[in-house]
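As the structure lists them, so they are numbered: ligands from 1, and atoms in each ligand from 1.
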Amino acid sequence: MPQARFPHARTKDTFVSPIVNSRRWLEGLNLPADMPLLNLSQAAPADPPPEGLRRAIAEAALGDDSSHLYGAVLGRDSLRAALAAKMGRHYAADLKAGDVAITSGCNQAFAATIAALCGEGDQVILPTPWYFNHRMWLDMQGVETCPLPVGAAMLPCPDAAAKLITDRTRAIVLVTPNNPCGVEYPGGLVQRFYDLARAHGLALIVDETYRDFDSRDGPPHGLFQDPGWSDTLIHLYSFSKAYRLTGHRLGAVAAHRDHLQEMEKFLDTVTICPAQLGQVGALWGLENLDDWLAAERQELLRRRAAIESGFAPLAARGWQLLGCGAYFAYVAHPFDQHSDPLARRLVKEAGILMLPGSMFTPKGDPSGAQQFRIAFANVDTSGIRTLFDRLANWAP
Ligand SMILES: Cc1ncc(COP(=O)(O)O)c(C=O)c1O
């Protein structure tokens, strides 16, 4: 059916996902054998989950009939309770099963959150560079994104956010550790955003998809320690990265029980319930994989250190490391050209796929033209050396 007949479709209000877009750059690509593609475009674990988790899923598939049926809209009680307990330990706070809900991925948690907060024409403040799916969902909901460009050290400023607040603002969104910039937001900064949101009666949405790979020990912020946290905070999480469950679509949201009830309408209508087998896997992970996950975090911290310590030859050629942490490094290139055509040339000429900053910034934003995101989680330390060698020897 020709799309031209549907000019007012909500999907027309946003752009094609950068991941979908960049995959097209690989079509017909024929790289020399000694220069295999380094794919640094997507933040997704490439390996399957540990065997014990897969076995738990397999056993549930064979022996637990309920794993094939519709279940509770907000997720299995056992998983909600285990997640609340784990979050309680992580944030040194008291969380109950009823404070959290399971969703079909963290993207859906964001979508449900916005559906439960915003109407047509409302505004949401989003630091830039942003996580593109956040922007896409706001666009498709008719919610206006108010970009908040980050300042020094790729951190957003609460005073600048305060200036963007209007009577249509409903929420401020933070992602920490950040996608795409990698930076870990200091606890004091997150607290200032929380205080700002509370003072204005807004929601503070904190997406901590990468919290298991934070370099800091102990609670990364104290928001959950405030007994009134759920009046302001809506917290998002993903099981995708922690337990390599991307394909099972498992995320979570912690929020006021009234909000969860509103979100339940959305979740019931869209997916009815999160997939049962993924929930079995996530529960097994929460109960058995703390040590394994701690080792995964150490490996990612080693890769991060390799980026930071190996950057000197690139810095000598004018590249800048703007942010680094969790799955990502965010860099500025030295060339007098836009990052988008440069990204396409890098695929063909240097075998490097990384996303241009323009995919994380508003249209026409000059900073996006100068930047790239490097999603390094799937590349080991020798791959990082290869990346830097290729970049250092390349010029447009
Ligand atoms: C900040 C952020 N939020 C959410 C998601 C999506 O997570 P999920 O796979 O759980 O939907 C991602 C995935 O890249 C992400 O980077």
Side-chain angles (χ1 to χ4, degrees), residues 17-23 39-49 75 79 83 87 100-115 124 126-138 140 145 150 154 156 171-185 190 204-214 220 234-254 263 266-267 270-271 274-275 277-279 281-282 285-286 300 323-330 354-355 359-361 373-378:
S17 158
I19 299 295
V20 175
N21 224 339
S22 64
R23 271 194 199 132
N39 191 338
L40 301 145
S41 66
Q42 204 176 359
D47 294 324
L79 179 55
L83 178 63
M87 289 175 67
V100 302
I102 307 303
T103 59
S104 302
C106 186
N107 269 6
Q108 192 189 54
F110 183 77
T113 296
I114 295 302
V124 167
L126 201 56
T128 67
W130 51 44
Y131 169 51
F132 44 76
N133 285 146
H134 285 167
R135 170 67 204 251
M136 290 173 74
W137 182 252
L138 294 171
M140 289 189 279
T145 298
V150 295
M154 307 310 278
I172 304 171
V173 182
L174 302 180
V175 178
T176 175
N178 188 257
N179 177 6
C181 299
V183 288
E184 298 160 353
Y185 289 6
V190 177
L204 179 69
I205 303 170
V206 182
D207 178 333
E208 282 189 77
T209 286
Y210 301 96
R211 73 149 179 250
D212 301 293
F213 309 103
D214 199 309
I234 299 186
H235 181 270
L236 312 183
Y237 178 64
S238 172
F239 291 98
S240 288
K241 324 286 160 168
Y243 304 130
R244 303 181 179 161
L245 286 171
T246 49
H248 289 280
R249 312 303 307 121
L250 254 286
V253 51
M263 291 183 207
F266 176 93
L267 298 168
V270 178
T271 38
L277 288 174
Q279 294 189 76
L286 285 172
L300 270 173
C324 190
Y327 273 45
F328 308 104
Y330 202 71
M354 55 188 192
L355 299 185
M359 290 181 167
F360 307 96
T361 46
R373 182 187 79 170
I374 302 175
F376 64 75
N378 286 326

Subject >> Candidate pair Y243 and D212, rule side chain to side chain donor-acceptor pair (under 3.5 Å), full reasoning >> reply: CA-CA 10 Å; Y243 304 130; D212 301 293; over 6 Å; no
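Proximity of V173 to F110: side-chain heavy atoms (C-beta onward) are separated by under 4.5 Å at one or more points.
Every residue meeting the side-chain hydrogen bond (donor to acceptor under 3.5 Å, both in side chains) condition with D207, not counting sequence neighbours, appears here in chain and number order: H134, T209. Annotation: ring pair (Phe, Tyr, Trp, His ring centres under 6.0 Å) contacts of Y327 (sequence neighbours excluded): Y210, F213. Here H248 pairs with nothing under the ring pair (Phe, Tyr, Trp, His ring centres under 6.0 Å) rule; sequence neighbours left out.
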As a test of reading the model: which N/O atoms of the protein lie under 3.5 Å from N/O atoms of ligand 1, and at what distance?
| unit_1 | atom_1 | unit_2 | atom_2 | d |
| --- | --- | --- | --- | --- |
| ligand 1 | 3 (N) | D207 | OD2 | 2.7 |
| ligand 1 | 3 (N) | T209 | OG1 | 3.3 |
| ligand 1 | 9 (O) | S240 | OG | 2.7 |
| ligand 1 | 9 (O) | R249 | NH1 | 3.0 |
| ligand 1 | 10 (O) | C106 | N | 2.6 |
| ligand 1 | 10 (O) | S238 | OG | 2.7 |
| ligand 1 | 10 (O) | S240 | OG | 3.3 |
| ligand 1 | 11 (O) | C106 | N | 3.0 |
| ligand 1 | 11 (O) | N107 | N | 3.0 |
| ligand 1 | 11 (O) | R249 | NH2 | 2.7 |
| ligand 1 | 14 (O) | Y210 | OH | 3.2 |
| ligand 1 | 14 (O) | K241 | NZ | 3.0 |
| ligand 1 | 16 (O) | N179 | ND2 | 2.7 |
| ligand 1 | 16 (O) | Y210 | OH | 2.6 |

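Evaluated for a side chain to side chain donor-acceptor pair (under 3.5 Å) with Y185, the options N178, D214, T176 yield exactly one hit, N178.
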